[in-house]
Amino acid sequence: MDINTEELEETIIPVKETDLIYGIDDRPPLKEALFAALQHLLAIFVAIITPPLIIAGALKLDLETTGFLVSMALFASGISTFVQCKRIGPVGAGLLCIQGTSFSFIGPIISAGLTGGLPLIFGVCMAAAPIEMIISRTFKYMRSIITPLVSGIVVLLIGLSLIKVGVVSCGGGFAAMDNGTFGSLRNIGVAATVLLSVLFFNRCKNKYLRMSSIVLGLCIGYGLSFALGMVDMSVASSQNLMGFNIPVPFKYGLDFNISSFIAIGLVYLITAIEATGDVTANSMISGKSIEGEGYLKRVSGGVLADGVNSFVAGVFNSFPNSIFAQNNGIIQLTGVASRYVGYYIAGMLILLGLFPIVGVVFSLMPDPVLGGATLLMFGTVAAAGIRIIASQEINRKATLVLAVSLSLGLGVELMPDILKTAPEAIKGIFSSGITTGGLTAIIANVLIHVKEDKVDKTE
């Protein structure tokens, strides 16, 4: 294992001994397995449904489509989680790894959706998924290019870019912009209530309140907005809430665009790095070695499954999946690392995805409610990027890479009109600050490193 790998792992989770009640291959009794599975579900449920809600809101999709996308996100996460835990051939980590829709793709997906709708989104997400599969087989070489510094910069840019999306939701979303109620006292008040509720429960000493802080905050916000007349229940009455959602492959069709492909492909590179850190952290918590052939097999299988599952998610009209880091904390908390618990989690997610009422209930959630919760979540994504960057030595080279990457990435986000006269191909690739900053970080990290070596030799 090289130095960069170890440094990235340490940014994800501290090296700490954990007493396990059930190891990876142990089979807990049904009651204990279900209880552990429910805690994992509480930790990831909101994170799974939030990306499709945000994307649907940005693309102004109708209630039926939004509800279906939420349901398919749960369904795809169930399949992905089963594959990771079961390990089918070389695919899967064989650990209690939970997968769900990834926040990292939201920006590029919205850009693709505004260009070509859902067909383009699913087309490019499926076309770019093999990038992560290839990386899983050639990871040693990619690690020298996509270093923790580069990864940290991209994660930081993802968080900072998404904060704008969260703020738009807090103000009432794009619908409020159209009807002139954006930023009203009612919208801001509901968003603030959710945000403060999440903070309050997150600071509680009770571990169950802490784990459920986002869910409780959303419930309080939902209740308040319902009391204020912000939830239009008449729209839901036209939906078949008692039926079943039948997963229909390629329901919205497929399309392709090279600009969107490059933007999505870059995020797949970064999620491969993140998946490696998550599998490493999970291995440490589960009492497995983080060196040797067995470790490499787990990491390679986990990253490969990330790519394969993201491709399968596209087939079932869902967005790319990635391993969730927060579940590593649940393993520490419960002392249950059994991968068999993952089967129960997968079953729960698949069942929830088959019932339309789940998708519709969350699709009716007013934007300020979602915004209050996601604003904090996106802030933690940015903080995670800062943490990764801070773990590295901020020397002259790192300072220059940071400076040029953040300047160009944030510059495009803050002033998109800078590309107004650029060719459509260039505009499509660099209109996203994540893509611009990420590509800049990769190129600058390689080139500036070479130049810095030459300077050091003369000194």
Side-chain angles (χ1 to χ4, degrees), residues 38-39 41-58 60-61 63 66-67 69-71 73-74 100-101 103 106 159 162-204 206 208-237 239 241 326 352 357-383:
L38 184 61
Q39 291 183 79
L41 194 65
L42 285 174
I44 61 171
F45 185 79
V46 175
I48 291 172
I49 65 170
T50 299
L53 288 175
I54 292 172
I55 292 166
K60 300 181 180 180
L61 302 178
L63 179 67
T66 303
L69 291 179
V70 170
S71 294
L74 293 166
T101 42
F103 280 91
I106 292 177
L162 290 177
I163 285 173
K164 178 182 177 182
V165 177
V167 170
V168 170
S169 294
C170 287
F174 293 99
M177 290 182 179
D178 293 337
N179 61 30
T181 60
F182 185 80
S184 67
L185 184 60
R186 186 171 69 166
N187 289 338
I188 298 298
V190 169
T193 300
V194 175
L195 177 62
L196 292 174
S197 299
V198 173
L199 286 172
F200 172 78
F201 289 117
N202 201 262
R203 289 179 57 84
C204 288
N206 186 294
Y208 301 109
L209 289 178
R210 258 201 331 269
M211 285 190 299
S212 309
S213 59
I214 295 176
V215 176
L216 292 172
L218 288 175
C219 289
I220 290 172
Y222 214 143
L224 176 60
S225 59
F226 184 82
L228 293 174
M230 297 170 66
V231 182
D232 186 5
M233 298 301 294
S234 62
V235 182
S237 62
Q239 306 296 316
L241 301 182
Q326 57 262 49
L352 287 171
I357 189 171
V358 176
V360 172
V361 165
F362 284 97
S363 301
L364 287 171
M365 185 184 298
D367 282 315
V369 177
L370 188 64
T374 55
L375 197 61
L376 188 62
M377 293 164 69
F378 295 154
T380 60
V381 172

Minimum heavy-atom separation for [X] to [Y], with atom names?
X	Y	answer
Val198	Gly217	CG2-CA, 4.0 Å
Leu53	Leu370	CB-CD2, 3.8 Å
Pro52	Ala73	CG-CB, 3.9 Å
Asp367	Gly173	OD2-CA, 3.6 Å
Met230	Pro366	O-CG, 3.9 Å

Using side-chain heavy atoms (C-beta onward) and a distance below 4.5 Å, is [X] in contact with [Y]?
X	Y	answer
Leu69	Leu61	yes
Cys170	Leu375	yes
Ile220	Val194	no
Arg186	Thr181	no

Judged by atom type as modelled, is there a donor-acceptor pair below 3.5 Å linking the side chain of Asn187 to the main-chain atoms of Gly171?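 Judged by distance alone, yes, a pair lies under 3.5 Å.
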List in chain and number order the residues that pass salt bridge (charged side-chain N to carboxylate O under 4.0 Å, His left out) with Lys164, two or more places apart in sequence or in another chain; answer none if no residue qualifies. none
Results of ring-ring contact (aromatic ring centres under 6.0 Å, His included) for Phe103 - residues two or more places apart only: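 Checked Phe103 against ring-ring contact (aromatic ring centres under 6.0 Å, His included); matches are Phe378.
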Who are the ring-ring contact (aromatic ring centres under 6.0 Å, His included) partners of Tyr222, not counting sequence neighbours? none
[atom1] of [X] to [atom2] of [Y]: how many Å apart, nearest 0.5 Å?
X	Y	atom1	atom2	answer
Ser197	Leu376	OG	CG	11.5 Å
Ile54	Ile49	CD1	CD1	10.5 Å
Met365	Thr50	CE	OG1	7.5 Å
Thr101	Ile106	OG1	CD1	8.0 Å
Ile188	Leu195	CD1	CG	11.0 Å
Leu352	Ile357	CG	CD1	11.5 Å

